[in-house]
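Presented below is the structure to which this report refers.
Per chain, numbering begins at 1; letters A, B, ... match sequence-line order.
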Amino acid sequence: MIGKGLAYVDDQSAEQIASQKGAPGTPGNNSPFRERTAEENLRLFEEMKAGQCQEGERVLRAKIDMTHDNMLMRDPVIYRVKYVEHHRTGNDWVIYPMYDFAHGQSDSIERISHSLCSLEFENHRPLYNWFIQALDIYPSEQTEFARLNLNYTIMSKRKLLRLVEEGVVDGWDDPRMPTISGLRRRGYTPESIRVFADRVGVAKRNNTIDVSLLEWSLRDDLNRRAPRVMAVLNPIRLVVLNYPEGQTEMLTTVNNPEDEAAGAREIPFGRELWMEADDFRVDVNKKWFRLAPGRTVRLKSAYIVEYADHIEDEHGNVTEVHVNYIPNSRSGQDTSGVKPKGTLHWVAADQAEDAEVRLYDRLFREASPEADGDFMDALNPNSLEILKGCKVEPSLAHAQVGTVFQFTRLGYFTLDSKYSTPGSPVFNRAVTLKDGWKG
RNA sequence: UCCCCGAUGGUGUAAUGGUAACACACCGGUUUUUGGUGCCGUUUUUCCAGGUUCGAGUCCUGGUCGGGGAACCA
């Protein structure tokens, strides 16, 4: 390009070059070094390359048009000197190309026919083409499309970096991050992400996709594939008064009602169980299907139980619920004729495994965190809730990283690849189940 | 001020110039031993003004609104 008179070395400072640039609507002025001969330019460029120039002392510029309507075409910088160590060439090479100069060439070298990028590079396309023509190389073609934006989060790598650097999140793979590693740790399957991408489509206008579409994609995939298990996140005691003390029995339950091939497994039942604190309330209305004084519910895959009594601590918190079970109401062999409205999940107290469970919520309170002011101000302070002392069914002792379970009535959960250790499992909630209850 | 791009329900995405549709969301009903799933249904859409045409979301002109555009950043 220097030989063709399409590039020249400029000795001016960055400030001087900027002041000659003009403005949108106002043409720029030529550099006083613009008309150097090819020989001189070549010699000076060799000096830059040989490390004989200070940083900022000289740059190589494309000779295009300082009055061009597109600011990017006003003699953009091609190479500048930087004395930084490169991870491959070490300190041997001290001139670094600008993005616009390198972009088309890297595409061209790889014989990329269609180079796709995001909308903000539309203004760069004329320059991309100009370089390819000036260098007379394989003509890759740049086409711009809209970036996929999601509400209640941010997608910019530079902004995400701030969350990592300022310790707001656990790292790039924090399960709240909209990164591949984050989604993976969260429990998102590759299939669900592909379906999501298909549903979103591609276009050239700015968009903001509703996160609920992402969540739906995961639920849709996992509903068909995830084994169901029982886990109690906020356990309180559930005592079956009329069940013989010391007795236990094994009950059969299907692994996935959506997939017969998934088979069945056995779960232990006994007199002392754990139930979800949220599933009992003292004062209720007719919309309440769960346990309460006077109410009857089905214990999932087990028996129908009727309320008998409950115990509260000094703060009025319910710590224990007592019920009586209906012996001939056993799941699959129910001859009781009783039709309770609600079904509760539970875990046998003496055989439950302890686990930590991490509940994730959206990272930001605002649908558009960048809308007004600093996105850091829009952070959701409750995006992570850590629950300890959760009770999970015995089969979960053998859970593997990578498999996603449905905790019955709660949502989809997977073992955390970072904090989980043998003997003290940590589960991440990938997504909740859709909750139709409007209590 | 100038240049580039865009505009279809709440959110996205479709529709050789020929009946505007699909998904998510929302709301309602139904089924259900997960208030999950499934099934059925309601509501809601072509930015504006002209023009071309038998006929315009689509083509033309003008406007409005939105996004992008000054780095020795990518």
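If you check B:A70, B:C24, B:C72 against the side chain of A:Val77, the one that comes closest is B:C72. Here the nucleotide nearest the side chain of A:Gln406, chosen from B:A74, B:U34, B:G35, is B:U34. Residue A:Arg290 places its side chain closer to B:G35 than to any other of B:G35, B:C73, B:G36. In this structure, of B:U34, B:C72, B:C2, it is B:C72 that holds the atom nearest to the side chain of A:Lys21. When distances run from any side-chain atom of A:Ser331 to the nucleotides B:U11, B:U33, B:C72, the shortest one goes to B:U33. Of all nucleotides listed (B:A74, B:A23, B:G67), B:A23 comes nearest to the side chain of A:Trp216.
Using C1' as the reference atom, B:U43 and B:G10 are 12 Å apart when rounded to the nearest Å. B:U11 sits 11 Å from B:C26 when the C1' atoms are compared, rounded to a whole Å. Distance check on atom C1': B:C72 versus B:C4 gives 25 Å, rounded to whole Å.
Residue contacts shown for A:Arg158 include a base, since a base heavy atom lies under 4.0 Å away. Among the atoms of the strands shown, none is found under 4.0 Å from any heavy atom of A:Pro126. Looking at heavy-atom distances under 4.0 Å, A:Gly28 makes no contact with the nucleic acid at all. Nucleic acid contact for A:Val59: base, since at least one base atom lies under 4.0 Å from a heavy atom of the residue. A:Gly411 comes within 4.0 angstrom of nothing in the nucleic acid, heavy atoms only. Using a 4.0 Å heavy-atom cutoff across all strands shown, A:Val202 reaches sugar-phosphate atoms only and no base atom.
In terms of phosphate contacts, A:Lys434 brings no side-chain nitrogen or oxygen within less than 4.0 Å of OP1 or OP2 of B:U34.
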Sort me out a list of protein N/O and nucleotides 40-44 of chain B N/O pairs below 3.5 Å, or just none if empty.
none

Scan nucleotides 15-17 of chain B against the protein and return all N/O pairs shorter than 3.5 Å with their distances rounded to 0.1 Å.
none

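Below 30°, between 30° and 60°, or above 60°: for A:Tyr325 and A:Phe269 the angle between ring planes is between 30° and 60°, a tilted geometry.
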*Give RNA chain B the dot-bracket treatment, 5' to 3': Watson-Crick (N1-N3 with N6-O4 or O6-N4) or G-U (N1-O2, O6-N3) under 3.5 Å, [ ] crossing, | other strand.*
.((((((..((((....[..))))..((((.......)))).....(((((..]....))))))))))).....

